[in-house]
Amino acid sequence: MNAGQGVTADASGTGSWTLDLRGLSVRQVSASSDPMGEEPPTFALVLDGVADVAVEGPVRMTKGSVAARGATELPVTAACGALVGATVLSATCSAAGSLRLVFSTGHHVTVRGDDPEVRVRVRRPGAFEWAGGGGTGVMTPLT
(Lines give C-alpha, C1' and ligand atoms only; values in the text may rest on other atoms or scores of the structure.)
Protein backbone atom coordinates (compact mmCIF):
# COMPACT_ATOMS: atom_id res chain seq x y z
CA MET A 1 0.00 0.00 0.00
CA ASN A 2 1.48 3.36 -0.97
CA ALA A 3 1.10 6.09 1.65
CA GLY A 4 2.45 8.89 -0.52
CA GLN A 5 5.56 9.56 -2.56
CA GLY A 6 8.61 8.29 -0.72
CA VAL A 7 6.63 6.33 1.87
CA THR A 8 5.35 2.77 1.92
CA ALA A 9 2.84 1.69 4.56
CA ASP A 10 3.14 -1.71 6.20
CA ALA A 11 0.54 -3.93 4.53
CA SER A 12 0.00 -5.84 7.79
CA GLY A 13 -1.82 -2.83 9.21
CA THR A 14 0.52 -2.47 12.18
CA GLY A 15 0.88 1.25 11.61
CA SER A 16 4.46 1.41 10.42
CA TRP A 17 6.04 3.03 7.41
CA THR A 18 9.19 2.41 5.40
CA LEU A 19 10.70 5.78 4.52
CA ASP A 20 12.37 6.33 1.16
CA LEU A 21 15.77 7.24 2.59
CA ARG A 22 17.63 4.10 1.45
CA GLY A 23 20.84 4.95 -0.38
CA LEU A 24 21.07 8.51 0.96
CA SER A 25 24.37 9.46 2.62
CA VAL A 26 24.83 11.30 5.88
CA ARG A 27 26.35 14.69 5.04
CA GLN A 28 26.02 16.35 8.45
CA VAL A 29 25.37 15.05 11.94
CA SER A 30 25.12 16.81 15.28
CA ALA A 31 24.36 15.72 18.80
CA SER A 32 24.34 17.50 22.11
CA SER A 33 23.60 16.71 25.70
CA ASP A 34 23.29 18.92 28.75
CA PRO A 35 25.36 17.45 31.59
CA MET A 36 23.18 19.34 34.08
CA GLY A 37 20.05 17.74 32.62
CA GLU A 38 18.26 21.07 32.21
CA GLU A 39 17.92 20.76 28.43
CA PRO A 40 16.91 17.61 26.52
CA PRO A 41 19.54 15.95 24.33
CA THR A 42 19.35 16.68 20.60
CA PHE A 43 20.35 14.71 17.52
CA ALA A 44 20.17 15.79 13.87
CA LEU A 45 21.12 14.36 10.46
CA VAL A 46 21.22 15.88 6.98
CA LEU A 47 20.96 13.23 4.25
CA ASP A 48 22.42 14.25 0.87
CA GLY A 49 20.80 17.65 1.34
CA VAL A 50 17.40 16.18 0.36
CA ALA A 51 16.14 14.88 3.71
CA ASP A 52 16.70 15.53 7.40
CA VAL A 53 16.10 13.95 10.78
CA ALA A 54 15.72 15.98 13.99
CA VAL A 55 15.28 14.53 17.48
CA GLU A 56 14.78 16.27 20.78
CA GLY A 57 15.14 13.70 23.55
CA PRO A 58 16.98 10.44 24.09
CA VAL A 59 18.45 8.58 21.11
CA ARG A 60 19.91 5.08 21.29
CA MET A 61 22.89 4.40 19.04
CA THR A 62 24.26 0.89 18.66
CA LYS A 63 26.71 -0.90 16.42
CA GLY A 64 26.42 -4.55 15.59
CA SER A 65 24.59 -7.05 13.46
CA VAL A 66 21.74 -6.07 11.18
CA ALA A 67 19.26 -7.50 13.69
CA ALA A 68 21.04 -5.51 16.46
CA ARG A 69 21.10 -8.56 18.73
CA GLY A 70 24.16 -8.28 20.88
CA ALA A 71 24.83 -4.80 19.48
CA THR A 72 27.10 -2.52 21.47
CA GLU A 73 25.43 0.62 22.80
CA LEU A 74 27.44 3.77 22.06
CA PRO A 75 27.42 7.27 23.57
CA VAL A 76 25.63 9.32 20.92
CA THR A 77 27.63 12.54 21.24
CA ALA A 78 30.95 10.68 20.98
CA ALA A 79 29.97 8.26 18.21
CA CYS A 80 27.83 10.37 15.89
CA GLY A 81 30.84 11.45 13.81
CA ALA A 82 31.15 7.85 12.58
CA LEU A 83 27.90 8.36 10.67
CA VAL A 84 29.32 11.04 8.33
CA GLY A 85 29.50 9.44 4.90
CA ALA A 86 27.44 6.41 5.96
CA THR A 87 24.58 5.30 3.72
CA VAL A 88 21.06 4.65 5.00
CA LEU A 89 20.18 0.96 4.52
CA SER A 90 16.78 1.08 6.21
CA ALA A 91 14.47 3.70 7.72
CA THR A 92 11.22 2.81 9.46
CA CYS A 93 8.84 4.74 11.67
CA SER A 94 5.57 3.92 13.39
CA ALA A 95 2.20 5.31 14.37
CA ALA A 96 3.39 4.74 17.96
CA GLY A 97 6.12 7.37 17.43
CA SER A 98 9.19 5.12 17.11
CA LEU A 99 11.98 5.59 14.57
CA ARG A 100 14.74 3.19 13.50
CA LEU A 101 17.58 3.95 11.09
CA VAL A 102 20.18 1.40 9.94
CA PHE A 103 23.42 2.53 8.29
CA SER A 104 26.10 0.95 6.09
CA THR A 105 28.63 1.30 8.91
CA GLY A 106 26.69 -1.14 11.09
CA HIS A 107 25.31 1.66 13.26
CA HIS A 108 21.66 1.72 14.28
CA VAL A 109 19.81 4.78 15.58
CA THR A 110 16.61 4.12 17.51
CA VAL A 111 14.16 6.56 19.06
CA ARG A 112 11.50 5.18 21.39
CA GLY A 113 8.08 6.54 20.63
CA ASP A 114 6.57 5.95 24.04
CA ASP A 115 8.77 8.51 25.80
CA PRO A 116 6.64 11.62 26.54
CA GLU A 117 9.76 13.82 26.37
CA VAL A 118 10.73 12.82 22.82
CA ARG A 119 9.98 14.88 19.73
CA VAL A 120 11.22 13.56 16.38
CA ARG A 121 10.75 14.67 12.78
CA VAL A 122 11.87 13.11 9.51
CA ARG A 123 11.33 15.26 6.44
CA ARG A 124 11.92 14.83 2.75
CA PRO A 125 10.55 17.94 1.00
CA GLY A 126 8.22 17.11 -1.87
CA ALA A 127 7.68 13.60 -0.48
CA PHE A 128 6.75 13.33 3.22
CA GLU A 129 7.08 14.56 6.77
CA TRP A 130 6.74 12.22 9.73
CA ALA A 131 6.51 13.55 13.27
CA GLY A 132 6.58 11.39 16.38
CA GLY A 133 6.70 11.59 20.12
CA GLY A 134 4.64 10.97 23.20
CA GLY A 135 3.33 7.66 21.88
CA THR A 136 2.09 8.86 18.49
CA GLY A 137 3.51 9.24 15.01
CA VAL A 138 1.84 11.10 12.16
CA MET A 139 2.73 10.78 8.49
CA THR A 140 1.98 13.69 6.19
CA PRO A 141 2.51 13.32 2.43
CA LEU A 142 4.07 16.45 0.89
CA THR A 143 3.36 16.94 -2.78
Side-chain angles (χ1 to χ4, degrees), residues 2-10 12 14-143:
N2 193 2
Q5 180 183 355
V7 180
T8 304
D10 180 359
S12 69
T14 59
S16 65
W17 297 276
T18 299
L19 304 174
D20 183 20
L21 302 178
R22 184 176 175 86
L24 296 181
S25 295
V26 176
R27 298 296 176 206
Q28 291 180 306
V29 60
S30 64
S32 67
S33 63
D34 179 0
M36 301 300 290
E38 295 174 5
E39 297 291 325
T42 61
F43 178 79
L45 296 172
V46 175
L47 304 172
D48 277 340
V50 299
D52 60 84
V53 176
V55 180
E56 182 178 292
V59 170
R60 181 174 186 243
M61 183 182 286
T62 57
K63 184 170 185 181
S65 69
V66 173
R69 289 185 179 88
T72 304
E73 189 151 355
L74 304 169
V76 174
T77 53
C80 69
L83 293 178
V84 175
T87 301
V88 176
L89 298 179
S90 173
T92 57
C93 61
S94 75
S98 296
L99 173 69
R100 180 165 170 79
L101 304 169
V102 179
F103 298 91
S104 59
T105 55
H107 290 87
H108 309 257
V109 171
T110 307
V111 180
R112 289 183 46 163
D114 60 354
D115 186 330
E117 302 298 315
V118 169
R119 298 289 173 258
V120 58
R121 180 185 50 78
V122 180
R123 184 174 54 103
R124 187 166 185 170
F128 66 86
E129 179 173 290
W130 175 80
T136 62
V138 178
M139 178 62 68
T140 305
L142 302 175
T143 55

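Throughout, residue positions are numbered sequentially from 1 according to the sequence presented.
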Item to check | For the student: nearest non-hydrogen atoms of L24 and A51, plus distance | outcome: CD1-CB, 4.1 Å
Checklist entry - Residues two or more places apart in sequence or in another chain: which of them pass side-chain contact (heavy atoms from CB on, under 4.5 Å) with P125? => result R123
Next on the checklist: Test side chain to side chain contact (heavy atoms under 4.5 Å, CB included) on F103 and T87; report intermediate values, then the result.
Outcome noted: CA-CA 5 Å; F103 298 91; T87 301; over 6 Å; no
Item to check | Side chains of T92 and S16 in contact at under 4.5 Å (non-hydrogen atoms) | outcome: no
Checklist entry - Excluding sequence neighbours, so at least two apart, what forms side-chain contact (heavy atoms from CB on, under 4.5 Å) with S30? => result A44
Next on the checklist: If we ignore hydrogens and angles and just use 3.5 Å, is the side chain of R22 paired with the main-chain N or O of L89 as donor and acceptor?
Outcome noted: yes
Next on the checklist: Test of understanding: with salt bridge (charged side-chain N to carboxylate O under 4.0 Å, His left out), list the residues that count as partners of R119, not counting sequence neighbours.
Outcome noted: none
Checklist entry - Does any non-hydrogen side-chain atom of F43 lie less than 4.5 Å from one of T77? => result no
Checklist entry - How would you list, by chain and number, every residue that makes a side chain to side chain donor-acceptor pair (under 3.5 Å) with S25, sequence neighbours excluded? => result none
Next on the checklist: Ignoring hydrogens, what is the shortest heavy-atom contact between A86 and T105? Give both atom names and the distance.
Outcome noted: CB-CG2, 3.6 Å
Checklist entry - Between F128 and D20, what is the shortest heavy-atom contact and its length? => result CE2-N, 4.2 Å
Item to check | side chain to side chain contact (heavy atoms under 4.5 Å, CB included) between R121 and D52, intermediate numbers included | outcome: CA-CA 8 Å; R121 180 185 50 78; D52 60 84; 2.7 Å; yes
Item to check | Passing candidate, side-chain contact (heavy atoms from CB on, under 4.5 Å) with H107, options L83, T62, V102, L101 | outcome: L83
Checklist entry - With no hydrogens and no angle check, is any side-chain donor or acceptor of S98 less than 3.5 Å from a backbone partner on G113? => result yes
Checklist entry - Do W17 and V122 come within less than 4.5 Å of each other through their side chains, counting heavy atoms only? => result no
Checklist outcome for this item: Scanning both residues in full, the closest heavy-atom pair of G57 with P40 reads N-CB, 4.3 Å
Item to check | Over all atoms of both residues, closest heavy-atom pair of M139 and L19 | outcome: CE-CD2, 3.5 Å
Checklist outcome for this item: Taken in chain and number order and not counting sequence neighbours, the residues that satisfy side-chain contact (heavy atoms from CB on, under 4.5 Å) with A79 are M61, L74
Item to check | side-chain contact (heavy atoms from CB on, under 4.5 Å) partners for A131, two or more places apart | outcome: none
Item to check | By salt bridge (charged side-chain N to carboxylate O under 4.0 Å, His left out) - contacts of R27 (at least two apart) | outcome: D48
Item to check | W130 vs L99 side-chain heavy atoms within contact, under 4.5 Å | outcome: yes
Checklist entry - With sequence neighbours left out, what residues match S33 under side chain to side chain donor-acceptor pair (under 3.5 Å)? => result none
Checklist entry - More than 12 foreign heavy atoms under 6.0 Å from CZ of R112: is that the case here? => result no
Item to check | Distance-minimising heavy-atom pair for V111 and P58 | outcome: CG1-O, 4.1 Å
Next on the checklist: Once side chain to side chain donor-acceptor pair (under 3.5 Å) is applied, do any residues pair with T42, and if so which ones, sequence neighbours excluded?
Outcome noted: S32
